[in-house]
Amino acid sequence: MQIHFRHAAAAVALLLGLAGAAQAEQKELLNVSYDVARDVFKDYNPRFITAWKAKTGETLQVKQSHGGSSKQVRAVADGLEADVVTMNQPTDVSFLADKGLVAKDWNKKFPNDASPYTSTMIFIVRKGNPKGIKDWPDLIRDGVTVTIPHPKNTGNGRNTYLAAWGWALRQPGGNDKTAAAYVGAFLRHVPAFAPAGRDATTNFIQRGQGDVLITFESEAELIAREFGHGGFDVVYPSQSLLTEFPVAVVDKVVDKHGTRKEAQAYLEYLWSKDGQENAAQNYLRPHDPEVFKKYADHFPPIKTFTVAEVFGSWEKAFTTHFKDGGSFDQIYQVK
Amino acid sequence: MTNSRKHRVLPGFGLSLGFALVYLSLLVLLPLAGLVAHGVHMSFADFWATATTPRTLASYRVTFGCALLAALVNAFFGLIVAWVLVRYDFPGKRFIDALVDLPFALPTAVAGITLTTLYANTGWVGSLLVPLGIQIAFKPAGIVVALIFIGIPFVVRTVQPVIEDIEQEIEEAAATLGATRWQTFRRVLFPALAPALLTGFTLAFSRAIGEYGSVIFIAGNMPMVSEITPLMIISKLEQYDTQGAIVLALVMLVISFVLLLAINLLQWYAANRHTQRHSERKPA
């Protein structure tokens with residue numbers, strides 16, 4: 001049903017796009033993005049439009065489409081005419097590269113592996129931290145339950161899974177066996193997988209599910225805005241996964257629309273001071289050291305590792321862990 | 001073909017038959033054909049391997065098991081609800097009657113989220129049941145609850161008109177002939193109701209097999225325990241594995257078709273037997 005909806009949305013977006021093109025000179029970009037990026041780009045688009053107007057005198061319109069990350073790229077592959085994609089998993093952009101819509105070396109087209117900002121996976125616990133959760137080992141103590149979205153089906157869940165695996169791997173004497181053992185124990189403390197990131201949050205905050213919610217650092221602030229700081233505390237584990245938010249120009253579409261210049265500038269501007277400030281204000285870690293310093297109180301220090309460092313690449317991590325028969329399936333099927 | 005040569009009261013048989021066939025083809029067969037044609041580009045061994053991984057097998061059990069259970073519950077309680085709505089007058093009857101259709105209209109995600117909130121251990125129902133050790137949300141039981149919710153109108157709405165057609169005098173006649181209440185139900189009412197009840201059951205069952213929106217919120221989605229097959233299909237798509245998704249879709253399609261065919265045969269048999277008995281007036 002959701003998929004149908006996407007197709008309908010794609011069709012509507014297409015029609016809107018056509019109508020816009022027919023209207024004339026005013027150029028328009030469609031940014032197809034993941035679900036929780038709404039707030040970031042709601043703030044970012046006006047900033048870019050103003051800057052672009054000041055620089056070129058051109059009035060630009062930016063339309064947004066949000067939804068589950070993998071569903072969004074499937075819609076783009078099926079014909080949703082996105083000028084740019086801004087995702088939360090590199091595998092999603094690689095999928096488009098495989099389909100020939102995005103350059104094969106898309107992650108070299110922009111600095112920082114084409115991820116303008118980063119985040120990390122942190123713990124959210126009940127107010128006052130009654131179970132005394134401080135780090136990953138605390139999650140597998142008796143009587144502790146953890147709330148996460150489905151590790152196989154959601155970007156949030158995959159990042160959490162890789163964060164847990166990576167932490168275990170980087171312990172003294174850590175290897176694939178110890179990591180698998182830790183993650184297996186960890187998953188036994190997860191009584192239910194939410195269908196998506198936001199549902200995990202709702203289960204934790206509103207339905208009292210679990211002692212710990214694991215999510216993006218940037219999500220913690222959104223949760224606080226939504227539900228107030230009263231109900232929970234944020235805990236930073238000793239180490240966690242640095243999560244990336246890759247962006248790319250969709251070559252096929254911008255060539256057709258004649259919007260390559262604008263699309264490129266739209267994404268480049270994410271690395272400008274203004275763009276980096278926007279990210280920092282939305283609790284996404286900026287690369288710009290000055291901006292980072294300015295908003296240092298948003299970002300408590302935490303040791304992070306990247307997927308490339310620990311798993312080689314996202315593709316490798318994906319194949320080893322989330323493909324059918326991968327480590328996730330093995331944990332549940334060997335019984 | 002001989003049928004179409006017969007004289008009919010209403011004209012346009014050929015036209016309407018053609019229209020019905022084209023319409024059905026466009027609406028039902030075309031998407032199904034697309035599914036098959038989109039193609040399974042893999043060997044049978046791969047197909048079989050994809051269709052029978054332990055996680056997938058468990059998901060068939062969960063999907064069809066929970067759907068069956070929910071449809072049985074709905075058949076039983078739906079019959080009672082329909083009976084009450086037809087045979088008794090009470091204040092608020094119209095209101096209750098309208099309420100029955102609500103699960104038809106409600107977006108399934110809303111149903112799922114509401115039920116989850118209700119049955120989670122902080123919810124109204126959950127907070128009463130969990131201390132007793134009865135956990136419904138995030139367990140297979142939750143799936144059944146969601147499927148009962150979305151399936152109930154199918155049974156009520158198919159059985160209701162049939163009950164309306166059974167005249168109360170028939171029950172009275174049975175009573176004057178010395179039938180006990182149970183006998184009246186068992187031998188007089190139930191045979192008349194059975195075909196409709198079976199239809200309602202089938203509708204509720206097939207609806208439950210395909211249900212996704214309401215289930216995923218309350219299911220818990222644990223591999224081997226509470227993952228439904230539609231979720232496995234979504235999971236394949238999330239892995240960009242369209243082929244695998246098609247395999248599971250085809251398997252579901254085949255199992256559903258076989259089950260529905262079996263139920264339809266059963267229904268045909270039940271209806272035949274019922275009319276036969278009536279015409280032959282054989283003492284059973």
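We name chains A, B, ... by the order of the sequence lines, and we start the count at 1 in each one. Predicted, not measured: the structure shown is a model, and the values here were computed from it. These values consider heavy atoms only, across backbone and side chains, with no hydrogens, waters or symmetry-generated copies.
With a 4.5 angstrom heavy-atom cutoff, Thr91(A) touches chain B via backbone and side-chain atoms both. Heavy atoms of Asn203(A) lying under 4.5 Å from chain B belong exclusively to its side chain. With a threshold of 4.5 angstrom between heavy atoms, Phe95(A) approaches chain B through side-chain atoms but not through N, CA, C or O. With a threshold of 4.5 angstrom between heavy atoms, Pro195(A) approaches chain B through its backbone and through its side chain.
Put simply, of Ser226(B), Ser235(B), Ala120(B), the one with the most heavy-atom pairs under 4.5 Å next to chain A is Ser235(B).
Summarising the geometry, atom CG belonging to Asp199(A) is positioned 9.5 Å from atom CG belonging to Asn221(B); distances are rounded to the nearest 0.5 Å.
Between the side chains of Thr86(A) and Ser33(A), at least one donor N or O sits under 3.5 Å from an acceptor N or O. Counted by atom type alone, Thr116(B) and Arg207(A) present zero donor-acceptor pairs between their side chains at under 3.5 Å.
Within a 6.0 Å radius of CZ in Phe257(B), other residues, nucleotides and ligands contribute 12 heavy atoms or fewer.
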Check: Can you list the steps and then say if Glu315(A) with Ser94(A) is a side chain to side chain donor-acceptor pair (under 3.5 Å)?
Finding: CA-CA 9 Å; Glu315(A) 275 67 30; Ser94(A) 300; 2.7 Å; yes
